[in-house]
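First the structure, in the form of structure tokens, and then the observations on it.
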Amino acid sequence: MLQIKQKFHLPHFVHSSTKPVAFGPVADDGDELTVAITDDPVQHDNNWQLEERPNEVQLEQYWTEVENDIQHDPTWIKFADEEVL
């Protein structure tokens, strides 16, 4: 039986500074996700409530909308539509 053994080494990084690593603020580039996150408290007032049972009709309607949006997106590629070589 053929056995493949993966052998690789990660480089060793030396951090000589005594300062802790600090991440800078994320630049708002106006994409959909950052706008939605920023606007969410304004639009929904952060009134989230968990329910014991989900509203199945509402979920089905939501996912039908999502699927419809995806199917009508001109940049979306369906793998089933591509030719098999």
Side-chain angles (χ1 to χ4, degrees):
M1 180 190 333
L2 177 65
Q3 204 173 24
I4 299 173
K5 295 182 180 180
Q6 293 182 357
K7 199 174 184 182
F8 62 90
H9 299 282
L10 295 175
H12 179 70
F13 294 104
V14 178
H15 185 63
S16 60
S17 175
T18 57
K19 293 181 181 179
V21 175
F23 296 103
V26 176
D28 182 7
D29 58 359
D31 74 357
E32 284 181 70
L33 182 59
T34 55
V35 169
I37 291 170
T38 304
D39 291 347
D40 188 64
V42 174
Q43 292 174 357
H44 298 102
D45 201 26
N46 271 350
N47 291 327
W48 297 95
Q49 184 177 12
L50 294 177
E51 298 176 8
E52 186 175 337
R53 298 270 179 217
N55 182 335
E56 292 179 24
V57 173
Q58 195 175 22
L59 281 174
E60 186 63 36
Q61 288 173 345
Y62 173 78
W63 283 113
T64 302
E65 253 182 68
V66 169
E67 289 172 349
N68 192 29
D69 285 347
I70 290 172
Q71 289 173 353
H72 290 92
D73 183 346
T75 61
W76 183 257
I77 298 171
K78 286 187 200 175
F79 292 105
D81 293 343
E82 291 188 4
E83 291 183 32
V84 178
L85 300 176

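- Results of the side chain to side chain contact (heavy atoms under 4.5 Å, CB included) test with Q61 over T64, L59, V57 single out V57 as the only residue that passes.
- Residues passing the side-chain hydrogen bond (donor to acceptor under 3.5 Å, both in side chains) test with N68, sequence neighbours excluded: H72.
- The CD atom of E60 sits 9.0 Å away from atom CD of E56, with the distance rounded to the nearest 0.5 Å.
- Residues satisfying the side-chain hydrogen bond (donor to acceptor under 3.5 Å, both in side chains) criterion with D29, sequence neighbours excluded, are absent altogether.
- For CD of E32, the number of neighbouring non-hydrogen atoms (other residues, nucleotides, ligands) closer than 6.0 Å is 12 at most.
- Partners of D69 by side-chain hydrogen bond (donor to acceptor under 3.5 Å, both in side chains), not counting sequence neighbours: none found.
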